[in-house]
Amino acid sequence: MTTSSSERSERGVSLGMPELPAPAYPDDVRARLETDAREVIARYPDSRSALLPLLHLVQSEEGHVTRTGMRFCADMLDLTTAEVTAVATFYSMYRRRPSGDYQVGVCTNTLCAVMGGDAIFEELQEHLGVGNGETTDDGKVTLEHIECNAACDFAPVVMVNWEFFDNQTPESAKRMVDDLRAGRPVAPTRGAPLCTFKETARVLAGFPDEREGAVEATGSAGPASLIGLKLAKGETAPARVVHPRGEAPRDTPPHEPSPTEHLSSHDAPKDTSASDPKHPSGPVAEEGE
């Protein structure tokens, strides 16, 4: 049985001529990028060490790393396109195809998954009508599931252009993507205000973030993340008084978190076997049964 050329084309298989070299940037674009690239390269004693920021630079131009962008990096650093391609395809932070203004990544690693990350990702796929790594028709949102966001204390976590959205639920995540698509202001839980993915890529290339308030904004960890560090430094953790079930505290009023406290979702009361009298913990059968 033979396969026609049209069938091979539909399957993405090419048995014809090798792919032609990537086209160059227009002269004005290349001149601008060369100025920026030389500034980046000058920071390193070995020019090839500038490859990662240069890939961010070309990504900031087109929203993903194109063959033209990789050719530009190779020319600037005296590398082969094969060497540049090997790096660009190794790191997931470099996009290889057109993507949205906002990269929405839902953590589906173990803790976030069991805390609701899987449910968030599934509902966002249905809500947006896209699959993993796909972009909405308006070009606004690219959805993907990602591995650990390094914010397990605030699981489940969603990131938008690498900014944190902590303690999310399916409902809050859907509101957030709706606001992004509608152009309404969206504020991360921590860190700098949101900007587009292209603007984020330029900052990652090592250029100043000139947006008002962006530098002053911090992405530091909240109290739930810092407890272990404080204990390691010898600081004493605040005492927690646990009263018998059903007995009200005598003298100490319940602690009400201040508006500035950023507590983990793990601190919220939950109906578990330890907190729900209707479902006490412990074995339901005698030993040996």
Side-chain angles (χ1 to χ4, degrees), residues 11-12 59 63-65 89-198 200-201 219 221-222 224-225 262-276 278-279:
R11 297 178 184 178
Q59 185 159 253
H64 66 295
V65 177
T89 56
F90 180 82
Y91 294 103
S92 61
M93 59 189 175
Y94 301 120
R95 310 305 185 195
R96 297 299 311 283
R97 58 184 179 180
S99 54
D101 293 334
Y102 300 99
Q103 306 282 318
V104 177
V106 182
C107 182
T108 56
N109 214 330
T110 306
L111 184 56
C112 277
V114 300
M115 294 295 292
D118 283 345
I120 292 173
F121 184 65
E122 290 173 4
E123 293 207 25
L124 282 181
Q125 288 187 95
E126 181 177 355
H127 184 68
L128 295 171
V130 298
N132 181 46
E134 295 180 352
T135 303
T136 54
D137 292 338
D138 57 10
K140 292 292 185 180
V141 171
T142 297
L143 178 67
E144 62 178 348
H145 74 79
I146 54 180
E147 294 300 323
C148 185
N149 279 326
C152 301
D153 290 336
F154 306 111
V157 177
V158 176
M159 295 194 90
V160 180
N161 294 349
W162 312 123
E163 299 294 350
F164 287 105
F165 288 77
D166 303 318
N167 299 326
Q168 292 296 292
T169 66
E171 291 71 27
S172 66
K174 286 187 286 188
R175 285 196 301 270
M176 181 259 291
V177 296
D178 286 346
D179 288 342
L180 290 174
R181 299 182 72 184
R184 292 187 287 268
V186 175
T189 309
R190 293 174 280 147
L194 280 184
C195 58
T196 66
F197 183 65
K198 289 182 180 180
T200 300
S225 301
H262 179 199
L263 297 179
S264 165
S265 58
H266 301 254
D267 297 316
K270 297 177 175 61
D271 288 335
T272 64
S273 60
S275 62
D276 186 357
K278 296 180 181 179
H279 299 88

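These numbers come from a predicted model, not from an experiment.
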Considering all heavy atoms, the nearest Pro193-Pro188 contact: CA-CD, 4.3 Å
Straight-line distance of Met93 CE to Ile146 CD1, nearest 0.5 Å: 13.5 Å
Short side-chain to backbone donor-acceptor contact, Gln168 and Asp166, under 3.5 Å: yes
Partner set under side chain to side chain contact (heavy atoms under 4.5 Å, CB included) for Arg175, not counting sequence neighbours: Glu171, Ser172
Nearest-0.5 Å distance that lies between atom CD in Glu134 and atom OG in Ser99: 13.0 Å
Test side chain to side chain contact (heavy atoms under 4.5 Å, CB included) applied to Phe90 - qualifying residues, sequence neighbours left out: none
Worked verdict on Asn161 versus Tyr102 for side chain to side chain contact (heavy atoms under 4.5 Å, CB included): CA-CA 6 Å; Asn161 294 349; Tyr102 300 99; 3.6 Å; yes
Pair Phe121-Asn132, side chain to side chain contact (heavy atoms under 4.5 Å, CB included): steps then yes or no: CA-CA 9 Å; Phe121 184 65; Asn132 181 46; 3.9 Å; yes
Side chains of Thr142 and Thr135, donor plus acceptor under 3.5 Å: yes
Listed partners of Tyr94 passing ring-ring contact (aromatic ring centres under 6.0 Å, His included), at least two apart: His56
side-chain hydrogen bond (donor to acceptor under 3.5 Å, both in side chains) partners for Arg95, two or more places apart: Gln103, Glu144
Just list the side-chain donor-acceptor pairs under 3.5 Å for residues 180-187, sequence neighbours left out, or say none.
from, atom 1, to, atom 2, distance (Å)
Arg181, NE, Asp138, OD2, 2.9
Arg181, NH2, Asp138, OD2, 3.2
Arg184, NE, Asp179, OD1, 2.6
Arg184, NH2, Asp179, OD1, 2.9

Lys174: partners by side chain to side chain contact (heavy atoms under 4.5 Å, CB included), with sequence neighbours left out: Glu123, Leu124, His127
Output side-chain donor-acceptor pairs under 3.5 Å for residues 107-117, partner residues at least two apart or in another chain, one line each.
from, atom 1, to, atom 2, distance (Å)
Thr108, OG1, His145, ND1, 3.4
Asn109, ND2, Glu147, OE1, 3.2

Heavy-atom side-chain proximity of Trp162 to Thr200 below 4.5 angstrom: yes
Ile120 vs Thr169 side-chain heavy atoms within contact, under 4.5 Å: no
Gln59 and Phe197: CA distance, side-chain angles, deciding distance, side chain to side chain contact (heavy atoms under 4.5 Å, CB included) verdict: CA-CA 9 Å; Gln59 185 159 253; Phe197 183 65; 3.6 Å; yes
Closest heavy-atom pair and its distance - Gly133, Arg97: O-NH2, 3.1 Å
Any side-chain heavy-atom pair of Phe165 and Met176 under 4.5 Å: yes
side-chain hydrogen bond (donor to acceptor under 3.5 Å, both in side chains) partners of His64, counting only residues at least two apart: none
